[in-house]
Amino acid sequence: MSQTPIAVQNGHPKGLYVLFATEMWERFNYYGMRAVLVLFMTKALLFDKVFASNLYGGYTGLVYLTPLIGGFIADRYWGNKRSIIAGGLLMAIGEFILFFCGSLYQTNESLSSMLFFSGLGFMIAGNGFFKPNISSLVGQLYPKGDRRIDPAYTIFYMGINVGGALGPFVCGLVGDTGNPDDFKWAFLAGGIGMLLSVVTQLLFQKKYVVAPDGSPLGLVPKDSPKSFSNPLFIGIGLALLATMMIGMLYIDAKVFSFLTYLLIASALYIVFFVLSDKTLSKIEKERVGVIFIVSFFVIFFWSAFEQAGASLTFFAEEQTQRQLGSFLVPASFFQSLNSLFVVSFAPLFAWLWIKLGKREPASPTKMAWGLLLLAIGYFWIATGVKDVSANVKVSMMWLIGMYALHTWGELCLSPIGLSLVNKLAPLKFASLLMAVWFLANAAANKLAGVLSTLYPPGMSEIKKAAEQNINLEGILAKTVTPTTEEIAKLKELKIPFEYKSVLGFEINNLNEFFMLFVFMAGTASLILFLLTKKLQKMMHEGQD
């Protein structure tokens, strides 16, 4: 018996709000954990900033790489619904493993290290099944060509950011207390949030997450072999994938940094796999080409934006004046700012795109504006730290203003990009091409970790060196020549005593570090503006 469609032309289907809540709790988990990750590594596990930055980049890079696997398996074998539940459970397990890591790091270092990489590996594997499939379901709630899709993704993006705002706040409140022993409570809170996400999806998907004609979405594909639905087979497959992710993260962090090469190989394979499909028309292939082109440009956006979990956390911790009366604002709280601004401004942007009507910019143009706003944000904070020495803390207004500008840029780029992929992707490759968007995020996050290693030595390193009677500030400024013994001691303590260079340019201070992102994002923005007319033609809007 057919059901009456729940979507009406002037509103949104109830399924959008189910997906909103499911994604909200998952983002609570992810962003809450990410807010304390580099702090946990440097304060509890005592990793140096360079290693912590590289590991952060490897972890977040793999988080966005595994949707390639999860998207493919969902399209062919499991369907969206099963993949979302499996992924959510894996991430919850990962958080609970990290909780035990945070409980044992002082008493059993080797076991704690194993648990740390294991917890991250489970998080990586779980995200691969969860992330592309829930994003893909949003677009399937609407008929093709429905103008509500862009606002729907913006509303969905609000759900992401409600969780993104609550996660760092709650996890920071219970975990980032100044006592490294408390970080474990942040991981426990994240795990509980992830379980709430899974329960929400289980309770409401069947009734509300349906197609415009009322048929259920996310079911197992009809041609999927029955053996692939066997619970034992599913359990073994998930365990093997998590084990593989643990191994890959460990090797990339401690043995050989191979992830960059893997990302390039993955991108080339997908290009070949999709474009060699003879059933695709010329128009479909050109639309797929647009997806690949804009995905390349968002690498430059996210590699700068994702400094929030790495170098910008170091900046908030060490060089931002965080005292409000008797309360010291935890550094992790600043990672809530972006999400709070998204929740505040997303309705305005959703209204703006509809209000502009025929004057609404094309999706690639919106994304170019996003890159430009990101560059302006970094110019703002670069101005705030200009001529400021490493032992001086600056006002919170510089971080707050930067995050506001970055949020406006994100609202021009991220929900628009998600919607663009949904509109342009051929149905048979819907989840896989959504995963391409996350592949660009993977490359960007890996690059973000690499760029974060360029963060100049600051207050914590100067203080640590001073405890050994070493004038690190003078050594860095080249006004003091270190002795052989001092160099040996600095190496032993893993304290950098030279500034790093990029493309032959030495980064001597925070102003130069932040200006690097101004030039990178600004250049990418300019090129994308110049390409927008060509990309609009390739999109073939209004044609079937």
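Residue numbers run from 1 in the order of the sequence given.
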Output yes when a side-chain donor or acceptor of [X] lies under 3.5 Å from a complementary backbone atom of [Y], and no otherwise.
X	Y	answer
E410	G370	no
K285	L275	yes
Q205	L217	yes

> For the rings on W437 and Y64, is their centre-to-centre separation under 6.0 Å?
Replying inline: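 Aromatic pair excluded; centres sit 6.0 Å or further apart.
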Heavy atoms, side chains only, cut-off 4.5 Å: are [X] and [Y] in contact?
X	Y	result
W408	L405	yes
V198	M91	no
F429	F273	yes
F169	Q335	no
Q319	V385	no
E306	Y56	yes
L451	L454	yes
S452	F314	yes

Output the distance between atom [atom1] ([X]) and atom [atom2] ([Y]), rounded to the nearest 0.5 Å.
X	Y	atom1	atom2	value
T60	L65	OG1	CG	11.5 Å
S53	Y455	OG	OH	10.0 Å
W78	N133	CH2	CG	10.5 Å
L371	M520	CG	CE	9.0 Å
T313	L399	OG1	CG	9.5 Å
N29	N127	CG	CG	9.0 Å

>> Are there over 12 heavy-atom neighbours, none belonging to W369, within less than 6.0 Å of that residue's CH2?
In response: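 For W369, atom CH2 is not crowded (no more than 12 foreign heavy atoms under 6.0 Å).
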>> Tell me whether F204 at atom CZ has more than 12 heavy atoms from other residues, nucleotides or ligands lying less than 6.0 Å away.
In response: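 No, not enclosed.
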>> Determine whether F341 and L411 satisfy the following criterion, side-chain contact (heavy atoms from CB on, under 4.5 Å), listing intermediate values before the conclusion.
In response: CA-CA 10 Å; F341 286 136; L411 287 168; over 6 Å; no
Using the six-membered ring wherever Trp is involved, compare the ring planes of [X] and [Y] and label them parallel, tilted or perpendicular (cut-offs 30° and 60°).
X	Y	answer
F296	F300	perpendicular
Y17	F20	tilted
W302	F305	perpendicular

> With the threshold set at 4.0 Å, does a side-chain nitrogen-carboxylate oxygen contact exist between E360 and K355?
Replying inline: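 Between K355 and E360 there is no salt bridge, as every charged N stays at least 4.0 Å from the carboxylate O atoms.
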>> Among F514, W398, F334, exactly one meets ring pair (Phe, Tyr, Trp, His ring centres under 6.0 Å) together with F315. Which residue is that?
In response: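 Single pass found, and it is F514.
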